[in-house]
Amino acid sequence: MPAERFDFVNAQGNRLAALLDVPPTEPRAYALFAHCFTCGKDVHAASRIAEGLTAVGIGVLRFDFTGLGASEGEFANTTFSSNVADLVAAAAALRRDRRAPAILIGHSLGGAAVLAAAGEVPEARAVVTIAAPADPRHVTGLFRDRLDEIGERGEVEVTLAGRPFRISRAFVDDIAEQNLKQKVATLRKALLIFQSPTDEVVGIDNASMIFSAAKHPKSFVSLAGADHLLSRRSDATYVANVIAAWAERYLDLPEPRPQLAAASGVLVQETGRGLQQEVTTGRHRLIADEPVEAGGLDTGPGPYDFLLTALGACTSMTLRIYAQHKRLPLDRVTVWLTHDRIHAADCESCETKEGKVDRIERVITLTGALDDAQRARLLEIADKCPVHRTLTSEVDIRTREQRETS
């Protein structure tokens, strides 16, 4: 689902730009996300982790700190303490309009900020840091060659990640006064620490120091192979999945909406937004919808899109299994499908000769050093995929009512 605008005003009267990612149904809990130094709410790590958490029913508020992104104010006038105050203001806005955040998540310097802010958000029972420095002064290493100049002139422009930022002496002095270790030692909240041993920006020793300072319950997860910004989608998705599973232990989360008893079943429920439907299968949640011109919101695939997806996926999987079994040089399978209604009279192979019939066009591209006989055989196998057989055979669909119990 697209994120909602959720701007709020901080203690200095600046309007901060925020996005609220919510699941299609009532969130089981809310999380507050703090981005990395000089980043923003739209950085891949923030948006992808939010996407992963909403998939399991957790809403996420992410915002631009003062002077960054679309938020008001001057970055040069900010300090680590003002970032912490922005976090507290964000939590207050969420508390006022929805529900206070139960989880605080911070990436890089944002991780240090949530550790510092946690004591001022009493409803937050879980704190998550991702590639966070154990001491906020770590960030001054990005412009260490300008520190003397900052001290002398009071403010200088530095280039960080290819962009100019004005760093003030007040920022450097404020960072130097922080005692994050004490905040961690008195956290009294469940703590989850993510860190990559190959992070070239914030070394893994920072995670060790945070872990050592914290009291139990505390957990550490190694993000082997990940970079500082979690540039790979798979790394951010992994973080979201671990946070969701870990939070179940420490938060009184309501149970997920009921699923069908059969493991292979599919549950479809209205979300209350037009024609939009929430589709649950196992631990996966999807959205089905219709285009705007058909009365929907166009927030997800339509019913026939899912039908074509089932056939296309089954076709590709079946061909891959067959090729592996026969050791065929099949490098890649691509399947393109369309659905239409045609006049029965235009279908030579159809038994029905009146009215209209459904037609699915399936175009398969086989990439690899295959000869003509192998290609012809693979096309024959495509017609033997289980979903294809289901669609072309007699299907017995039984419908019954299951009344809700009070």
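Counting only residues at least two apart or on different chains, no ring pair (Phe, Tyr, Trp, His ring centres under 6.0 Å) pair has a member in residues 353-388. Every pair passing disulfide bond (SG atoms under 2.5 Å apart) that includes a residue from residues 7-80 is listed here, sequence neighbours excluded: C36-C39. Pairs of residues two or more places apart, or lying in two chains, that qualify as ring pair (Phe, Tyr, Trp, His ring centres under 6.0 Å) and include a residue from residues 91-123 are H107-H228.
With a 4.5 Å cut-off on side-chain heavy atoms, V292 and L297 do not count as touching. V279 places none of its side-chain heavy atoms less than 4.5 Å from the side chain of L267. By the 4.5 Å heavy-atom criterion applied to side chains, E51 and R233 are counted as neighbours. Side-chain atoms of F306 and L311, non-hydrogen and from C-beta on, never get closer than 4.5 Å to each other. Side-chain atoms of L223 and L230, non-hydrogen and from C-beta on, do get closer than 4.5 Å to each other. Using a 4.5 Å heavy-atom threshold, the side chains of S108 and I130 count as separate. Counting heavy atoms from C-beta outward, L61 and D21 have side chains that stay 4.5 Å or more apart. With contacts defined as side-chain heavy-atom distances shorter than 4.5 Å, the pair S71/T66 does not qualify.
Taking the ring axis of F211 as reference, the NZ or CZ atom of K218 stays within 45° of it and closer than 6.0 Å to the ring centre.
Ion pairing of R98 with E4 is present here, as a side-chain N (NZ or NE/NH1/NH2) and a carboxylate O approach within less than 4.0 Å. The pair R359-D340 fails the salt-bridge criterion, with no side-chain N (NZ, NE, NH1 or NH2) lying under 4.0 Å from an Asp/Glu carboxylate O. Ion pairing between a basic and an acidic side chain is recognised when a charged N comes within 4.0 Å of a carboxylate O; D42 and R62 show such pairing. Ion pair R166/E155 flagged as a salt bridge, since at least one NZ, NE, NH1 or NH2 atom sits closer than 4.0 Å to an Asp/Glu carboxylate oxygen. One finds no salt bridge joining E157 and R146 here, because no Lys/Arg side-chain nitrogen approaches an Asp/Glu carboxylate oxygen to under 4.0 Å. The residues K189 and E123 are annotated as not salt-bridged, no charged nitrogen and carboxylate oxygen being separated by less than 4.0 angstrom.
Taking the six-membered ring for Trp, F37 and F171 have ring centres closer than 6.0 Å.
More than 12 heavy atoms of other residues, nucleotides or ligands sit less than 6.0 Å from atom CZ of R320. Around CZ of R375, the count of heavy atoms belonging to other residues, nucleotides or ligands within 6.0 Å exceeds 12. Within a 6.0 Å radius of CG in D372, no more than 12 heavy atoms belonging to other residues, nucleotides or ligands are found. Within a 6.0 Å sphere centred on CZ of R341, other residues, nucleotides and ligands contribute more than 12 heavy atoms. Sparse packing is recorded around CD of E200, with 12 or fewer heavy atoms of other residues, nucleotides or ligands lying under 6.0 Å away.
In this structure a side-chain-to-backbone donor-acceptor pair under 3.5 Å is present from S168 to A76. Listed for the D305 side chain is a donor-acceptor partner under 3.5 Å among the backbone atoms of G302. Panel note: side chain R163, backbone T38; a donor-acceptor pair is recorded below 3.5 Å. A donor-acceptor contact shorter than 3.5 Å links the side chain of D174 to the backbone of S81. Formation of a donor-acceptor pair under 3.5 Å by the H138 side chain with backbone atoms of V201 is found in this model. The closest donor-acceptor contact from the side chain of T198 to the backbone of A226 lies under 3.5 Å. Put simply, the side chain of R95 never gets that close to the backbone of V121: no donor and acceptor are under 3.5 Å apart. Between the S316 side chain and the G312 main chain, no donor and acceptor come within less than 3.5 Å of each other. Under a 3.5 Å cut-off, the side chain of Q195 and the backbone N or O of V202 do form a donor-acceptor pair. Formation of a donor-acceptor pair under 3.5 Å by the E248 side chain with backbone atoms of A245 is not found in this model.
In this structure, OG1 on T281 lies 8.0 Å from CG on L286, to the nearest 0.5 angstrom. Of the inter-residue distances, the one linking L191 atom CG with K215 atom NZ reads 12.0 Å to the nearest 0.5 angstrom. Here the CG-OG1 distance, from L366 to T334, works out to 8.5 Å after rounding to the nearest 0.5 Å. The distance from the CG atom of L19 to the CG atom of D64 is 8.0 Å, given to the nearest 0.5 Å. In this structure, CG on N14 lies 10.5 Å from OG1 on T78, to the nearest 0.5 angstrom. To the nearest 0.5 Å, the span separating NZ on K326 from CZ on R377 amounts to 7.5 Å.
Of all heavy-atom pairs spanning A89 and V9, the tightest one is CB-O, 4.3 Å. Of all non-hydrogen atoms in I210 and A132, the two that sit nearest each other are CD1-O, 3.8 Å. Across every non-hydrogen atom of S231 and R48, the tightest pair is O-NH1, 2.9 Å. Residues V84 and E120 share a closest heavy-atom pair of CG1-OE2, 4.2 Å. The two residues A31 and P101 have their closest heavy-atom pair at C-CB, 4.3 Å. Across A369 and Q374, no two heavy atoms sit closer than the pair O-OE1, 4.2 Å.
With sequence neighbours excluded, the residues that form a ring pair (Phe, Tyr, Trp, His ring centres under 6.0 Å) with Y250 are W246. With sequence neighbours left out, the disulfide (SG to SG under 2.5 Å) criterion links C314 to no other residue. Considering only residues two or more places apart in sequence or on other chains, D7 meets the salt bridge (charged side-chain N to carboxylate O under 4.0 Å, His left out) condition with R5.
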Walk me through it: do F65 and F63 pass the test ring-ring contact (aromatic ring centres under 6.0 Å, His included)?
CA-CA 6 Å; F65 283 111; F63 68 98; 5.0 Å; yes
Side chain to side chain contact (heavy atoms under 4.5 Å, CB included) between I360 and L308, worked out:
CA-CA 8 Å; I360 294 176; L308 296 182; 3.8 Å; yes
Report the C-alpha distance between L53 and I105 in whole Å, list the side-chain angles of each, state the deciding distance to 0.1 Å, and finish with yes or no for side chain to side chain contact (heavy atoms under 4.5 Å, CB included).
CA-CA 11 Å; L53 290 176; I105 306 171; 3.7 Å; yes
Step by step, work out the side chain to side chain donor-acceptor pair (under 3.5 Å) result for Q276 and T299.
CA-CA 7 Å; Q276 189 185 72; T299 57; 2.7 Å; yes
Does F165 form a side chain to side chain contact (heavy atoms under 4.5 Å, CB included) with L68? I'd like the steps, not just the answer.
CA-CA 10 Å; F165 292 93; L68 291 173; 3.6 Å; yes
Apply side chain to side chain contact (heavy atoms under 4.5 Å, CB included) to residues V172 and I167 and explain how you reach the verdict.
CA-CA 8 Å; V172 176; I167 304 295; 4.3 Å; yes
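A donor and an acceptor atom, one from each side chain of Q182 and N179, are located under 3.5 Å apart.
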